[in-house]
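Atoms within a ligand are numbered from 1 in the order they appear, just like the ligands themselves. Fair warning: this is a prediction, and the values are worked out from it, not measured in the lab. Worth knowing before you read on, the calculation uses all heavy atoms, side chains too, and leaves out hydrogens, waters and symmetry mates.
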Amino acid sequence: MLDSSIRVVYWWLKGGYNRICEQDGIFSSHRVEDAAFSKAFGSSYPDMKIGVLALQGAFIEHISVIRQLGVEALPVRLPHELDGLDGLIIPGGESTSILHLMQSYNLIEPLRRFAQAGSPVLGTCAGMICLAKKVSNADSSNLETLALMDVKVRRNAFGRQVDSFETELLVSAFGDEPFAAVFIRAPIIEEAGPQVEILSKLPEGAVVAVRQGSLVATAFHPELSNDPRFHSYFLKLVVAKTGVS
Ligand code: GLN
């Protein structure tokens, strides 16, 4: 049974869209201006295709941001839908549900092969848990992860739903301008192997964004901030790793 879900309502209005997102009683709303997006981040890559794993969670939001950046974004539910993709996003939601559905849809091995072939993957929140080699507070309901990133994560590291929060983060790749990050029942990275680059930490020291080769993971939901810098960063990585433009 799914014990958490994210609902999104969005509607177009005068050159942009408004959206309201709800997860377990917590609402957030954003307005995204088309013009502002394409002016600041108009990095259109006409030949690129990005998949977004659409089994459960906040996949609609990621698809919207990637499309706003001028790049084709496709939902992925079945193994053959990975064919021809240049990169993949695993969204936030509920990691046990996502991993369960990955098993039911026979996606575990195809997803591992996709990443091991060097195709970039961005995992956000529950998506980060799916990528991790170890989950320190795994219980009997925790399933096998994709085990692609050399990190140990702790689920629900900030407590329950009421402990969700938004904070300004400094991200090494973005210079001095902080990123307003949304944490919803978020995990943290407790340990990271030597090949893992730390992209961001909370002021108290918890690691919340990392990169290992062509894999990127965030403990927060970059698709819920009105700021596409994480997605732009990921698309640049896709260009660098695959040569697609
Ligand atoms: N707490 C969830 C989990 O452990 C993650 C929450 C989220 O993705 N916002 O899977």
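Heavy atoms of R185 found under 4.0 angstrom from ligand 1 belong to the backbone as well as the side chain. Neither the backbone nor the side chain of T124 has any atom closer than 4.0 Å to an atom of ligand 1 (non-hydrogen atoms only).
Residue contact check: N156 has heavy atoms under 4.0 Å from atoms 1 (N), 2 (C), 4 (O) of ligand 1. Residue-ligand proximity, H221 to ligand 1, at heavy-atom distances under 4.0 Å covers atoms 7 (C), 8 (O), 9 (N). Per-residue contacts place I129 under 4.0 angstrom from the following atoms of ligand 1 (heavy atoms of the residue considered): 3 (C), 4 (O), 10 (O). Atoms of ligand 1 lying under 4.0 Å from at least one heavy atom of I184, given by number and element, are 6 (C), 7 (C), 9 (N). Proximity to S95 (heavy-atom distance under 4.0 Å) selects the following atoms of ligand 1: 3 (C), 4 (O), 10 (O).
Note: F179 and F174 have tilted aromatic rings, judged against thresholds of 30 and 60 degrees for the angle between ring planes. Using bins of under 30°, 30° to 60° and over 60° for the plane-to-plane angle, the ring pair F183/F165 lands in the parallel bin.
For the residue pair Q56/S97, the side-chain donor-acceptor check at 3.5 Å is not satisfied.
Of the polar atoms of R155, at least one N or O is found under 3.5 Å from an N or O of ligand 1, judged by distance alone.
Of the listed residues (S164, G93, G92), the one carrying the non-hydrogen atom nearest atom 6 (C) of ligand 1 is G93.
Atom CG of L111 sits about 9.0 Å away from atom SG of C130, to the nearest 0.5 Å.
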